[in-house]
Amino acid sequence: MTKPDHLSVLDALHSTPARRRLSTEPIPDDVIWAVLDAAVRGPSGGNAQQWAWVVVRDRAIKDRIASWYLEGWNAAYGSRREEFLSAAPSELPMSPQAFLGAEHLAVHLAEAPVWIVPALLGAADSRDPLTGSSIYGAVQQLFLAAHAYGVGTNLTTLYRAHEADVRDLLRLPEDALTMCLIPMGYPDGGSWSQPRRKPVEAVTHWDEYGARRPRS
Ligand SMILES: Cc1cc2nc3c(=O)[nH]c(=O)nc-3n(C[C@H](O)[C@H](O)[C@H](O)COP(=O)(O)O)c2cc1C
């Protein structure tokens with residue numbers, strides 16, 4: 001049995017960035033099970049748990065979906081490479097470093113040893129903006145549990161123009177909606193650094209929007 005690191009919840013919350021440079025080293029089955037078992041402890045509306053977690057390791061399936069992902073990457077970001085790489089850090093939300101990491105992932109996605117594709121059953125036609133809230137808490141739990149086992153993760157969606165193709169390829173039910181694709185692997189570059197975010201004081205409002213307080 002693989003033993004997880006002793007990582008406090010708060011330490012994990014402050015040190016789980018997107019890991020996009022992943023080695024091809026296989027992830028043992030017991031780790032995959034443990035990480036998924038932590039994920040499914042997450043919340044869903046009415047505890048309905050209308051979810052399915054597809055573990056993808058088959059290279060032919062990964063290659064197919066990775067080609068769709070690369071299409072999405074090129075359309076949204078790859079075609080704007082120079083713009084992202086030459087921008088001052090404050091001008092674009094994605095830093096040049098993050099861009100290069102995301103580009104690396106887009107090119108090497110199929111090499112990640114394991115992917116998890118979480119799907120919500122019965123959600124394919126949903127127009128409810130809260131739909132995702134019945135799975136994204138669990139997805140975040142998956143990220144934190146994976147970190148405890150030294151496994152890097154990232155939430156990706158750039159395959160989405162091929163949602164129906166992905167659903168067919170994974171043999172998901174017609175009414176299922178994939179909620180993201182999570183490449184998993186032992187990190188090969190980068191670090192478990194604190195994610196950079198706007199200061200909490202800048203995004204916190206007390207009782208009404210716009211009412212700020214300095215952090216005590
Ligand atoms: C809805 C959503 C979609 C995302 N799609 C992608 C994606 O397709 N590819 C990717 O590399 N990262 C994707 N990300 C990851 C974000 O880019 C990442 O969470 C953000 O840049 C913060 O990264 P950090 O935690 O390392 O600071 C997505 C994140 C979210 C929440």
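Because only heavy atoms are used, hydrogens play no part in the values below, and waters and symmetry mates are left out as well, while side chains stay in. Both ligands and their constituent atoms are indexed starting at 1 by order of listing.
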Residues 199-216, side-chain donor-acceptor partners within the protein, below 3.5 Å, at least two apart:
residue	atom	partner	partner atom	Å
T204	OG1	V200	O	2.6
H205	ND1	G210	N	2.9
R212	NH1	A202	O	2.6

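Proximity to P17 (heavy-atom distance under 4.0 Å) selects the following atoms of ligand 1: 25 (O), 26 (O).
The protein heavy atom nearest to atom 4 (C) of ligand 1 is L155 O, 3.4 Å. Nearest to atom 26 (O) of ligand 1 among the protein's heavy atoms is A18 N, 2.9 Å. Taking atom 5 (N) of ligand 1 as the reference point, the nearest protein heavy-atom neighbour is T157 OG1, 3.0 Å. Given atom 10 (C) of ligand 1, the protein heavy atom at minimum distance is N154 ND2, 3.4 Å.
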Between K62 and D58, does a salt bridge (Lys or Arg N to Asp or Glu O under 4.0 Å) hold up when you go through it step by step?
CA-CA 6 Å; K62 287 195 288 178; D58 183 284; over 6 Å; no
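The pair R20-E103 fails the salt-bridge criterion, with no side-chain N (NZ, NE, NH1 or NH2) lying under 4.0 Å from an Asp/Glu carboxylate O.
In terms of polar-atom proximity, T156 is not counted as a contact of ligand 1, lacking any N or O under 3.5 Å from an N or O of the ligand. The shortest N or O to N or O distance between L158 and ligand 1 is under 3.5 Å.
A salt bridge (Lys or Arg N to Asp or Glu O under 4.0 Å) check over residues 114-126, counting only residues at least two apart or in different chains, returns nothing.
Heavy-atom distances between Y69 and ligand 1 reach below 4.0 Å in at least one pair.
One option in R160, H104, R197, R196 has a heavy atom closer to atom 25 (O) of ligand 1 than any other, and that option is R197. One option in Q194, M94, M179, R20 has a heavy atom closer to atom 21 (O) of ligand 1 than any other, and that option is R20.
Taking the six-membered ring where tryptophan is involved, the planes of F99 and F84 are essentially parallel, since the angle between them stays under 30° and well short of 60°.
Distance check for atom 30 (C) of ligand 1: a protein heavy atom is found below 4.0 Å.
Nearest heavy atoms, G132 versus M179: CA-CE, 3.6 Å.
Under the 3.5 Å distance criterion, the side-chain polar atoms of H108 are left unmatched by any main-chain donor or acceptor of R21.
By the 6.0 Å and 45° rule, R160 does not stack over the aromatic ring of W68.
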